[in-house]
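Here the structure comes first, spelled out in structure tokens, and everything after it is commentary.
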Protein chains: 2
Amino acid sequence: MNLRELSERLNLSQTTVSRALNGYPEVNEATRKRVADAAALYNYRPNIRAQTLATGRSMSIGHIIPFSKQNEMVNIVFADFIAGAGEVYSRHGYNMTLSVVRDEDEMSAYRGVAEKGAVDGIIVHSPTRNDPRIAFLAELDIPFLVHGRASEVTTPYSWMDVNNTRALEQGTQYLLELGHRRIALINGQEKMDFAQRRRDGYVSALQSWGIAADETIMRSGEMSEPFGHASTLELLDGPAPPTAIVTSSIVLALGIRRAIEERGLRMGRDVSILCFDDEISYLPNGLDAPVFTAMRSSVRAAGRRCAEMLIEQITTPAHDIRTELWDAELVIGGSTAPGPAKDT
Amino acid sequence: MNLRELSERLNLSQTTVSRALNGYPEVNEATRKRVADAAALYNYRPNIRAQTLATGRSMSIGHIIPFSKQNEMVNIVFADFIAGAGEVYSRHGYNMTLSVVRDEDEMSAYRGVAEKGAVDGIIVHSPTRNDPRIAFLAELDIPFLVHGRASEVTTPYSWMDVNNTRALEQGTQYLLELGHRRIALINGQEKMDFAQRRRDGYVSALQSWGIAADETIMRSGEMSEPFGHASTLELLDGPAPPTAIVTSSIVLALGIRRAIEERGLRMGRDVSILCFDDEISYLPNGLDAPVFTAMRSSVRAAGRRCAEMLIEQITTPAHDIRTELWDAELVIGGSTAPGPAKDT
DNA sequence: GAATCACCCCAAAGCGCTTTGGATTGCCAA
DNA sequence: TTGGCAATCCAAAGCGCTTTGGGGTGATTC
């Protein structure tokens with residue numbers, strides 16, 4: 001059943017039927033009802049391909065996720081972010097077009113998707129410090145929003161981010177106040193902007209207490225449980241093991257805890273852990289009380305907000321830049337305890 | 001730059017230009033080259049919306065992920081499955097349309113997406129025992145493929161699954177051979193088909209050794225680390241604690257291990273763990289050697305295979321059913337050791 | 001030399017919607 | 001009576017591509 005058939009059965013023009021269904025004012029309420037009833041009866045559903053061609057809007061948002069043979073890993077927060085964004089999209093009649101492309105093809109994927117008119121806007125994931133995609137998209141003149149920031153990019157662009165620097169500053173600060181002085185960092189890959197910012201926050205908190213950051217107890221790499229584990233074993237077996245560890249992800253924290261216990265120590269008592277908790281749905285930080293002391297910020301909520309912001313940007317005539325910075329919240333769990341400097 | 005403009009600049013008809021670009025034989029190689037060069041020069045890219053309308057194919061595969069307020073959890077294997085499928089899609093010129101819908105709207109989402117012509121095929125995720133979506137999609141007459149199976153559904157349909165029954169049978173068998181007699185199960189939610197099958201395999205292995213399944217040491221619930229932890233504490237604190245635990249996910253296994261260690265026991269020595277390992281990229285089973293003894297089957301590879309099968313189904317004229325069953329592979333890790341019956 | 005046949009190319013008709021620019025009708029004020 | 005004005009509705013022109021059904025042109029065959 002298409003529009004022509006439906007309009008023929010109703011003895012109305014396609015124009016009128018289309019307008020009736022799309023809520024235009026220039027149609028009698030009685031006919032509108034007649035049309036709506038017939039549409040329901042015949043189970044009419046406008047062909048979305050024709051619709052997008054006619055309107056020029058695709059009602060779809062693009063997400064491009066790069067993948068490389070070397071780094072097979074999927075971003076751990078990806079699923080929850082997508083779930084959050086997707087909720088908002090479907091509420092607004094949009095859907096999500098996801099392209100998984102080899103990373104050497106990523107740029108051309110953006111170009112392709114934008115110029116072919118496949119999407120009305122794009123979300124950029126996991127920006128690096130000097131992310132080339134941003135200038136590129138700005139030039140393509142398509143609405144886009146970055147989840148995160150790219151510190152070294154000068155082109156103005158829209159973004160939504162959590163204050164990573166402040167989060168790790170605050171977290172490290174908390175450990176310092178507890179009396180820890182030798183605090184390690186296990187971070188994500190430092191080409192990622194968020195990882196750099198977190199490192200900055202960590203370093204800056206130490207400095208404000210007159211402690212120089214020590215490269216020998218800083219690690220960065222893939223955010224996986226085994227990496228957290230292996231890094232921690234190294235740290236604990238090193239010449240001057242830390243009494244506390246700050247880390248970028250709950251999945252790393254799981255590995256860290258395992259290593260601590262493997263060395264016969266106890267988390268909280270012997271070594272404290274403070275982690276960043278994105279509230280990943282299958283890795284909740286405890287069921288009732290938080291297990292880990294954490295800087296918490298829901299990535300799912302971030303996904304929702306990014307989607308909203310991008311839709312606003314698309315529907316608003318002026319393509320104005322919009323930005324939003326969230327603060328992570330400190331939650332106290334069982335993974336931290338007073339450190340050695342507390343008793344002095 | 002659209003087709004008309006390009007053809008005008010070339011002094012050719014739209015027909016010829018279109019044919020040249022799409023590799024039709026009835027065009028001179030010289031003109032084809034001329035067209036290709038001009039297309040590259042002017043950065044011409046066919047409008048995908050017009051293309052899909054004209055061809056009737058959308059070159060897009062639909063994935064619908066339900067979400068409910070009660071169960072906010074994203075399926076843990078989702079991201080890797082998507083990544084695998086996405087690779088294949090982009091290699092074949094397809095992309096992926098993802099809709100996140102409230103679960104009460106799921107059926108109408110399928111109908112909508114199919115009838116509106118938004119997608120050429122659909123992947124069905126996480127089927128339940130008697131999944132209503134299957135008959136529904138079969139009736140809509142759109143190619144679809146189920147990742148998993150629905151045991152109670154009688155309509156024929158295409159699926160790709162891992163042999164869950166056999167996997168857990170084999171895993172449990174292995175523990176029995178090691179001398180374990182009291183083996184617990186920590187499973188996913190049993191409305192899910194895979195969880196039921198895994199349970200069946202576990203029960204059947206026990207029975208073949210003359211052991212009756214004991215409901216008091218079987219758990220099912222969300223696949224999260226805290227659930228594994230909480231369940232294990234219950235089991236260990238119960239009247240007759242198990243000497244081995246079989247579980248459905250590596251994320252549960254992490255929680256199980258934590259509980260074991262929390263009770264002063266050691267994984268492998270005091271309590272053995274055997275888990276199903278989907279090879280989730282951020283939760284690898286160890287870096288070099290496997291940490292957990294596991295039944296292993298890559299969900300990413302499954303995503304790839306599902307995508308291939310669905311594309312075949314779409315491009316093959318006959319809508320014939322196709323099915324594929326994979327076997328999981330037993331890998332021996334450090335989480336299992338001989339049980340009490342071994343010395344007798 | 002006429003007929004046949006590849007080989008290239010083209011005009012035009014869709015695909016199924018939206019939207020522009022009227023046309024028609026009935027009603028009311030002048 | 002007539003002009004003006006809402007209120008409704010419609011025909012037709014896109015949107016940018018693919019594809020059908022030819023139509024020339026030059027070479028080959030008889």
Side-chain angles (χ1 to χ4, degrees), chain A residues 1-36 38-39 42-60 93 95 112-120 315, chain B residues 1-36 38-39 42-60 93-95 112-120 142 315:
Chain A
M1 173 65 67
N2 60 23
L3 185 63
R4 189 177 47 74
E5 286 167 34
L6 182 62
S7 63
E8 279 166 4
R9 291 199 200 219
L10 284 162
N11 272 338
L12 285 171
S13 73
Q14 295 191 33
T15 311
T16 304
V17 176
S18 169
R19 285 187 163 151
L21 292 172
N22 293 325
Y24 281 69
E26 54 268 81
V27 46
N28 194 316
E29 273 311 315
T31 39
R32 188 193 300 282
K33 173 138 184 19
R34 202 158 68 87
V35 170
Y42 298 120
N43 225 310
Y44 168 75
R45 226 166 287 269
N47 182 305
I48 207 168
R49 294 191 243 104
Q51 214 166 25
T52 60
L53 179 59
T55 57
R57 285 167 298 124
S58 69
M59 296 308 281
S60 174
N95 51 26
V113 105
E115 288 186 350
K116 290 195 296 193
V119 300
D120 295 337
T315 48
Chain B
M1 173 67 65
N2 60 22
L3 185 62
R4 189 176 47 74
E5 287 168 33
L6 182 63
S7 64
E8 280 167 4
R9 291 197 202 221
L10 283 162
N11 272 336
L12 286 169
S13 73
Q14 295 191 35
T15 311
T16 304
V17 176
S18 170
R19 284 187 163 153
L21 292 173
N22 293 324
Y24 281 69
E26 55 268 79
V27 46
N28 192 317
E29 274 312 314
T31 39
R32 188 192 301 282
K33 174 139 184 15
R34 202 158 67 87
V35 170
Y42 298 121
N43 226 308
Y44 167 74
R45 226 165 288 268
N47 182 306
I48 207 167
R49 293 190 244 105
Q51 214 165 25
T52 60
L53 178 59
T55 57
R57 285 166 297 124
S58 70
M59 295 308 283
S60 175
Y94 284 81
N95 50 28
V113 105
E115 289 186 349
K116 290 194 298 192
V119 300
D120 295 336
I142 184 173
T315 49

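Because the structure is predicted, anything quoted here is derived from the model rather than measured. Chain identifiers are assigned alphabetically (A, B, ...) following the order of the sequence lines, protein sequences preceding nucleic acid strands; residue numbering begins at 1 within each chain.
Salt-bridge formation is not detected for the pair A:Glu29/A:Lys33: no Lys NZ or Arg NE/NH1/NH2 atom is positioned less than 4.0 Å from an Asp or Glu carboxylate oxygen.
The residue among B:Asn11 and A:Asn2 whose nearest nucleotide of DNA chain C is located toward the 5' end is B:Asn11. Take the nearest nucleotide of DNA chain C for B:Pro25 and for A:Ala50: the residue whose nucleotide is more 5' is B:Pro25.
Residue contacts shown for A:Thr52 are absent, as no nucleic acid heavy atom lies under 4.0 Å away. Residue contacts for A:Glu26: at a heavy-atom cut-off of 4.0 Å it reaches a base atom on one of the strands shown.
With rounding to whole Å, B:Leu53 atom CG is found 9 Å from D:dG16 atom C1'. Straight-line distance from the CG atom of A:Asn47 to the P atom of C:dC15: 11 Å, rounded to whole Å.
Residue A:Ser60 comes nearest to A:Ala118 through the heavy atom pair CB-O, 4.0 Å, listed as atom of the first residue, atom of the second, then distance.
Side chain of B:Tyr24, nearest nucleotide from D:dT19, D:dC10, D:dG16: D:dT19. Here C:dC9 is the nucleotide among C:dC9, C:dT18, D:dC17 with the atom lying nearest to any side-chain atom of B:Leu12. Residue A:Thr15 places its side chain closer to C:dT20 than to any other of C:dT18, D:dG16, C:dT20. Here the side chain of A:Leu3 is nearest to one of C:dG16, C:dC17, D:dC10, namely C:dC17. Set against C:dC10, C:dC8, D:dC17, the side chain of B:Ser13 has C:dC10 as its closest nucleotide. For A:Arg19, taking side-chain heavy atoms from C-beta onward, the closest of the listed nucleotides C:dT20, D:dT18, C:dC17 is C:dT20.
Between B:Asn22 and the phosphate of D:dT18, there is a side-chain N or O to OP1/OP2 separation shorter than 4.0 Å. Dashed line: the shortest gap from a side-chain N or O of A:Thr55 to OP1 or OP2 of C:dC17 is not under 4.0 Å.
With 3.5 Å as the limit, one finds a donor-acceptor pair spanning the side chains of B:Thr16 and B:Ser13.
For the pairing with B:Arg57, the side-chain contact (heavy atoms from CB on, under 4.5 Å) check across B:Val119, B:Thr52, B:Asp120 returns one residue only, B:Asp120.
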